[in-house]
Visitor: 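Structure provided below as structure tokens; questions to follow.
Just so we're clear, the structure is a prediction, and the values are computed from it rather than from any experiment. One-based numbering, in listed order, for ligands and for the atoms of each. The first residue of the sequence shown is numbered 1, and numbering continues consecutively from there.
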Amino acid sequence: MQDFEIQAYPELWRELDMDLERFDKARQMLGTAYAKTFLSQANRPQKMAYFDKMISEIFGGRVEELMQAKKEGRPVVGTFCVYIPEEIVVAADGVCVGLCGGSQGSVPDAEKILPRNICPMVKSAFGFKAGRICPYFQAVDFVYGETTCDAKKKTWEILDRLVPTYVMEIPQMKKERDRVLWLEEVKDFKAKIEEVSGKTISSGQLAEAIKIINGKRLALQRLTRHRAASPAPISGKDALLIEQIAFYDEPVRFAAKVNELCDELDDRIANGAGAFPPEALRVMVSGTPMALPNWKIHNLVESAGAVIVGEESCIGTRYFKDCITEGSQDMDEQLAALTDRYMRIDCSCFTPNDERVTQVLQEYKDSAAQGILHYSLQFCHTYNIEEIKIREACQREGIPYLSIESDYSPEDIGQLQTRIEAFLEQIGE
Ligand code: BJ8
């Protein structure tokens, strides 16, 4: 196995008041898991080197950039949901970071305070702050939560005791009156960012920020299209990793690096070179987000010889499938266009949310997948219940389908492996 080390920055961590001893152990464990999960893959694109580097610097280099931004008086905002409009943070010359919530390691810290029977993502994220074991959480000026699911919106009240936490009200329906409320919430968000940064955002700055974030989304869309090729030019694990890094990397640099990778994938496709052999079975994943470092399902599927060719998820296409209309220099028009774009995100927290079913079927077709694996985190009621409609649609369309509900613990790995292997056999028949 190739050596891989997540770089240590003890001085920086001390400055951030982290639990050094525990965090250092977590750093070493993550390095080992990364080497095993990613560096052991055959036929990786060379341009993955940048994303490997991003992981080796995950607890240092990028955090230093955030600290530098703070020193320059730029706001550093932590978020947990793709409904928070990062364009507004970027327009104020700030940094928006999606905070981690994909590790079992921080769950016990949360369970000392929160109920055990809630979503592991919420517990993991909260535990990172409670245990002082995430440098990003320690570095942010404040956190912006949202009222999507019950677990999140009630946790923000408790999280506010540990770090200033503001909440954006996200409606539960998409009627005209909900749009009016949404637009007001977007304006409030802008006002908060302006208050904290001490700067008024101009329409020119917002236009530039929209262009920057659109650039990131277009690069990710391009990567998704490449995955439809056969043989798949990149593994699902690597693509998921890139989608996870999208939430904390600097957006202009990130988009450039994804585009460089896509140039390499163009050549691979032209030469018939794949990360997996052409006969590898192709699976699309749909469901709850897989926050860093949750690689469990991708690892199981790809260890069984199949390749994952798409993620219909917020750490996946839901984050980047829609761009904001560019060109306006009028603040009201820009905020309206921004609101319209965010309203197109089809999270299961909405009712009805039938557009997601249509979207899943479309992505299945576009990715040339051969089966759909629905993934829901334990205790996520909205995705778990919406799974019924996705399953029915797959039955109607004759799409091989498997539904998995899981958490971050390794306990169910054996059982999941058996179910995934049986599913792949069914697809292969
Ligand atoms: S837009 S999916 S990022 S809310 S998995 S915490 S819903 S109990 S993550 Fe999400 Fe925004 Fe929706 Fe996307 Fe709650 Fe479910 Fe947990 Fe969830």
Side-chain angles (χ1 to χ4, degrees), residues 78-86 96-104 106-107 110-111 114-129 143-159 165 167-174 178 182 185-186 189 217 220 240 243-244 246-248 285-292 294 296-297 311-322 339 341-353 355-357 359-360 374-387 390 403-408:
T79 65
F80 291 102
C81 178
V82 299
Y83 279 121
I84 303 298
E86 58 187 296
C96 189
V97 231
L99 292 167
C100 300
S103 166
Q104 178 65 17
S106 55
V107 168
E111 287 180 344
L114 296 175
R116 291 171 65 95
N117 57 349
I118 60 170
C119 168
M121 184 143 53
V122 175
K123 283 192 287 189
S124 171
F126 183 86
F128 274 122
K129 181 64 200 172
V143 166
Y144 229 99
E146 15 55 54
T147 58
T148 45
C149 69
D150 291 351
K152 280 190 182 178
K153 75 178 166 228
K154 296 308 289 182
T155 297
W156 307 148
E157 294 173 26
I158 313 299
L159 183 67
T165 305
V167 181
M168 176 181 268
E169 183 172 358
I170 302 292
Q172 309 279 290
M173 299 181 92
K174 290 182 179 170
D178 300 305
W182 204 316
E185 288 289 321
V186 167
F189 180 69
R217 297 202 166 107
L220 288 163
L240 173 65
E243 289 163 348
Q244 291 170 332
F247 286 88
Y248 76 91
V285 170
S286 163
T288 47
M290 295 169 171
L292 201 76
N294 179 8
K296 191 171 172 178
I297 298 299
E311 293 80 24
E312 185 277 328
S313 155
C314 286
I315 300 192
T317 53
R318 235 178 280 138
Y319 176 55
F320 55 75
K321 70 180 169 57
D322 303 308
T339 303
R341 181 264 166 205
Y342 278 86
M343 281 188 80
R344 287 208 292 277
I345 301 171
D346 43 10
C347 175
S348 64
C349 296
F350 281 84
T351 184
N353 189 41
E355 61 265 39
R356 178 167 165 242
V357 179
Q359 182 67 23
V360 169
H374 193 276
Y375 171 73
S376 189
L377 283 165
Q378 219 172 35
F379 305 115
C380 177
H381 305 318
T382 58
Y383 279 91
N384 266 322
I385 296 173
E386 197 159 277
E387 185 272 324
I390 305 284
S403 171
I404 282 176
E405 185 186 348
S406 184
D407 60 10
Y408 297 155

Visitor: Just say parallel, tilted or perpendicular for the rings of Phe350 and Trp182, cut-offs at 30° and 60°.
Guide: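 Geometry flag for Trp182 against Phe350: parallel rings.
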Visitor: Answer yes or no: are there more than 12 heavy-atom neighbours, outside Lys154 itself, under 6.0 Å from its atom NZ?
Guide: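 Counting neighbours around NZ of Lys154, 12 or fewer heavy atoms of other residues, nucleotides or ligands fall under 6.0 Å, so no.
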Visitor: Have a look around atom 15 (Fe) of ligand 1 and list protein N/O/S atoms under 2.8 Å, or say none.
Guide: Cys380 SG
Visitor: So which of Phe80, Tyr319, Tyr83 gets nearest to atom 1 (S) of ligand 1, if we judge by its closest heavy atom?
Guide: Tyr83
Visitor: Starting from atom 13 (Fe) of ligand 1, which protein heavy atom do you reach first, and at what distance in Å?
Guide: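 For this ligand atom, the closest protein heavy atom is Cys314 SG, 2.2 Å.
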Visitor: Quick check for you: to the nearest 0.5 Å, what is the distance between Cys349 atom SG and Lys152 atom NZ?
Guide: 7.0 Å
Visitor: Return the closest protein heavy atom for atom 11 (Fe) of ligand 1 as residue, atom name and distance.
Guide: Cys81 SG, 2.3 Å
Visitor: Distance check below 2.8 Å: does Cys347 bring an N, O or S atom to atom 11 (Fe) of ligand 1?
Guide: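 It does not: Cys347 brings no N, O or S atom closer than 2.8 Å to atom 11 (Fe) of ligand 1.
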Visitor: Atoms of ligand 1 less than 4.0 Å from Arg318 heavy atoms?
Guide: 2 (S)
Visitor: Taking the six-membered ring for Trp, are Trp156 and Phe80 parallel (under 30°), tilted (30 to 60°) or perpendicular (over 60°)?
Guide: parallel
Visitor: Hey, are Thr288 and Ser376 close enough side-chain-wise for a donor-acceptor pair under 3.5 Å?
Guide: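 There is no such pair (donor and acceptor under 3.5 Å, judged by atom type) between the side chains of Ser376 and Thr288.
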Visitor: Taking only residues two or more places apart in sequence, or in another chain, which ones meet Asp346 in a side-chain contact (heavy atoms from CB on, under 4.5 Å)?
Guide: Glu312, Arg318, Lys321, Asn353, Glu355, Arg356, Gln359
Visitor: Donor-acceptor check, side chain of Tyr248 to backbone of Cys100, threshold 3.5 angstrom: yes or no?
Guide: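 The answer is no, because no donor-acceptor pair under 3.5 Å joins these two groups.
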Visitor: Rounded to the nearest 0.5 Å, what separation is found between the OG atom of Ser124 and the NZ atom of Lys129?
Guide: 14.5 Å
